[in-house]
Amino acid sequence: MVSSKFKQDKRLETKGAVLSMVCWVRTLLFISVLVPAFVECRIRHYHFNVVVKNATKLCSTKPIVTVNGKFPGPTLYAREGDNVLVRVTNHVQYNVTIHWHGVRQLRTGWSDGPAYITQCPIQPGQNFLYNFTLTGQRGALLWHAHISWLRSTVHGAIVILPKKGVPYPFPKPYKEKVIVLGEWWKADTEAVVNQATQTGLPPNISDAHTINGHPGPVPNCSSDGISIGLYTIRVPFDHNCKNRNFLRFVNADAYTLHVETGKTYLLRVINAAVNDELFFKIANHNLTVVEVDACYTKPFETDTLFLGPGQTTTALLKADQGIGKYLIAISPFMDTIVAVDNLTGIGYLRYNHSLAFTPTTFVAIPAVNATPVTSVFSDSLRSLNSKQYPANVPLTIDHSLFFTIGVGINPCATCFNGSRAVAAINNVSFVMPTTAILQAHYYGINGVFTDDFPAKPAIPFNYTGTPPSGLQTMNGTKVYRLAYNSTVQLVIQGNTIIAPESHPTHLHGSNFFVVGRGVGNFDPEKDPLKFNLVDPVERNTVSVPTAGWTAIRFRADNPGVWFFHCHLEVHTTWGLKMAFLVENGKGPNESIEPPPSDLPKC
């Protein structure tokens with residue numbers, strides 16, 4: 001009998017697109033076959049071929065950009081401390097980069113991936129070797145394209161297992177499952193964003209949500225439906241699962257999670273959606289959250305997960321219900337007037353030994369504007385803060401920053417109605433350069449960026465009240481400069497210049513601690529008194545509540561240029577982004593490594 005630990009190591013070796021690895025191996029001989037039994041790997045090689053593949057969903061077929069012909073792409077498996085080498089070869093017509101979302105990239109900013117921030121893109125027919133080490137991280141992250149809207153289909157999971165011999169700080173699961181959530185457009189997403197850029201209007205919303213690439217049953221498609229015995233149910237449902245339209249049974253393009261009664265599963269749930277924050281729920285089953293963004297948490301039980309784009313949540317699922325089939329549902333969150341894809345993505349949890357036509361147990365999904373559900377979930381997250389995994393929250397602050405974020409309207413003579421939607425941080429709408437900022441910084445190239453990004457708004461106003469009239473954004477390629485090892489407190493304040501909205505914001509190159517959040521305007525006198533400086537959750541992406549604020553703290557101990565932006569791709573496209581420039585410290589161990597010889601050229 002092969003142990004589950006051995007199976008895990010075998011999966012780690014072979015999963016995804018691993019080509020080779022350099023390992024220290026002790027072997028055992030089983031049936032005349034040499035099998036690695038105790039493996040301590042240090043280097044893991046992957047090869048990502050970016051190719052176009054036809055995909056059929058929602059009763060229509062279109063070509064999509066993929067990695068290795070897969071949607072979602074291959075899962076990258078490694079252990080904490082491993083060196084990962086990924087050769088990315090571009091076989092498509094578009095420029096490409098890959099971002100390893102949440103990987104800290106200590107001193108290896110050249111491999112971070114955002115186009116024109118840390119690298120020029122990989123041009124058609126070219127390739128680039130991403131080289132980074134997974135230091136001090138364990139859990140689930142994701143990788144995705146980081147140029148234009150290619151990440152709608154170019155994305156996948158990263159699973160970082162603990163070091164060899166180090167157990168999880170929670171009960172060992174029977175099996176682990178990766179669940180990647182996404183969005184699907186019937187149209188070419190590059191055409192969608194290009195049309196929006198030309199007209200100045202918001203881009204069209206997606207047509208469906210997906211679970212591991214499967215939309216499940218959706219309306220207006222005769223081959224999709226929820227099977228219940230000999231019938232199907234069309235979606236979207238209302239929130240009480242009423243008004244069901246029964247149709248003849250047909251198979252749906254739906255993901256199925258197979259489970260064994262009495263076993264415990266570790267679900268690594270990843271939101272790879274482009275623009276939608278999502279709820280995740282399984283009928284009649286609770287989940288115990290144990291990790292977010294590759295950082296362990298104090299366990300807590302919930303029936304609903306809430307994830308913004310770019311966020312990950314790892315939770316234990318106990319298969320403790322009766323044999324049968326249970327609905328898995330992902331649904332959007334939007335508590336303001338902004339349009340959203342309101343279709344529910346559907347999958348199934350199915351117990352082994354269930355009958356072929358087992359009735360489905362339904363689930364009541366949260367309302368689209370269920371703000372209290374998001375607040376309860378966010379407020380329940382706490383760092384594990386154990387002796388082995390401490391929460392090293394900065395207690396003294398060198399830079400106290402206040403960023404107000406939101407969307408606006410600027411004049412545009414060539415746009416559809418004479419105006420263009422824009423987004424900004426501290427009233428600065430970021431302009432992408434044509435030379436990568438990290439290269440300009442490293443080689444001392446002038447004229448690419450300036451280091452005068454404002455630490456606070458130039459004109460204070462009532463951020464969540466009636467906005468001032470005639471306030472236009474300024475354009476600029478601006479960074480904020482930080483000395484090595486300095487500490488930062490950043491209050492991110494949402495505004496209501498056009499409409500209040502939840503903003504999942506992502507910081508490259510560093511984790512941060514979420515020390516506070518609230519609704520309304522941040523009060524610099526009263527609100528810091530309520531900060532959690534003991535066990536705040538550690539993340540790389542955090543949602544700023546609608547018409548509210550979030551306070552984070554981090555230490556700038558990673559030299560390089562690090563992107564900070566809203567992870568709603570529509571807002572990033574409009575300019576809601578900036579970068580931190582962290583200077584070198586003393587000596588080579590506190591300095592960014594030299595650029596690789598194959599770094600792409602602009």
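Treat the numbers as computed from the prediction; the structure is a model and nothing was measured. For the numbers below, each heavy atom of this structure counts, side chains included, while hydrogens, waters and symmetry mates do not.
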Practice problem: Take H155 and H144 through the test ring pair (Phe, Tyr, Trp, His ring centres under 6.0 Å) and record every step on the way to the result. | Solution: CA-CA 4 Å; H155 61 251; H144 59 77; 8.4 Å; no

*Assess whether side-chain contact (heavy atoms from CB on, under 4.5 Å) is satisfied between L106 and N558, documenting all intermediate values.*
CA-CA 6 Å; L106 289 172; N558 192 10; 3.8 Å; yes

task = Any chance you could lay out the side-chain contact (heavy atoms from CB on, under 4.5 Å) test for L134 and W100, step after step, and finish with the verdict?
result = CA-CA 11 Å; L134 300 169; W100 316 96; over 6 Å; no

- List the steps, then state whether side-chain contact (heavy atoms from CB on, under 4.5 Å) holds for L568 with V274. CA-CA 6 Å; L568 303 180; V274 176; over 6 Å; no

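Salt-bridge formation is not detected for the pair E291/R138: no Lys NZ or Arg NE/NH1/NH2 atom is positioned less than 4.0 Å from an Asp or Glu carboxylate oxygen. For the pair K57 and D253, the salt-bridge criterion is met [side-chain N within less than 4.0 Å of a carboxylate O]. Ion pair R44/D82 flagged as a salt bridge, since at least one NZ, NE, NH1 or NH2 atom sits closer than 4.0 Å to an Asp/Glu carboxylate oxygen.
Counting only heavy atoms from C-beta outward, the side chains of P332 and E277 never approach each other to under 4.5 Å. You'll find the side chain of S206 stays beyond 4.5 Å of the side chain of N275, heavy atoms only. Two residues are said to be in side-chain contact when any heavy atoms from C-beta on lie closer than 4.5 Å; L257 and Y348 fail this criterion. V479 is not listed as a side-chain neighbour of T450, based on a closest heavy-atom distance of 4.5 Å or more.
Within the structure, ring-ring contact (aromatic ring centres under 6.0 Å, His included) pairs that include any residue of residues 180-200 comprise F71-W184, W149-W185 (at least two apart or interchain). Residues in residues 419-429 take part in these side chain to side chain donor-acceptor pair (under 3.5 Å) pairs, two or more places apart or across chains: N417-S419. Listed by first then second residue, pairs satisfying disulfide (SG to SG under 2.5 Å) with a partner in residues 91-130 read C120-C602, not counting sequence neighbours.
For N410 and T473, the side-chain atoms include at least one donor-acceptor pair closer than 3.5 Å. Using modelled atom types and a 3.5 Å distance limit, the side chains of H565 and H508 yield a donor-acceptor pair.
Evaluation of the side-chain contact (heavy atoms from CB on, under 4.5 Å) rule for P595 yields W110, Y442, Y443, L599 as partners, not counting sequence neighbours. With sequence neighbours excluded, the residues forming a side-chain contact (heavy atoms from CB on, under 4.5 Å) with V582 are L482, A556, W562, listed by chain and number. When the side-chain contact (heavy atoms from CB on, under 4.5 Å) test is applied to A191, the partners found at least two apart in sequence or on another chain are D188. Checked against ring-ring contact (aromatic ring centres under 6.0 Å, His included), F306 has the following partners two or more places apart in sequence or in another chain: F279, F333. Residues passing the side-chain contact (heavy atoms from CB on, under 4.5 Å) test with D598, sequence neighbours excluded: R87, F128, L129, P596. Residues meeting the salt bridge (charged side-chain N to carboxylate O under 4.0 Å, His left out) test with E593, sequence neighbours left out: R107. Under the rule for a salt bridge (charged side-chain N to carboxylate O under 4.0 Å, His left out), the partners of D557 that lie at least two apart in sequence or sit in another chain are R104. With sequence neighbours excluded, the residues forming a salt bridge (charged side-chain N to carboxylate O under 4.0 Å, His left out) with D293 are R539, listed by chain and number. Partners of F564 according to the ring-ring contact (aromatic ring centres under 6.0 Å, His included) rule, which considers only residues two or more places apart in sequence or in another chain, do not exist here.
Nearest approach of L150 to V96, heavy atoms of both residues: CD1-CG2, 4.1 Å.
Between the side chain of K577 and the main chain of T572, a donor-acceptor pair closer than 3.5 Å is present.
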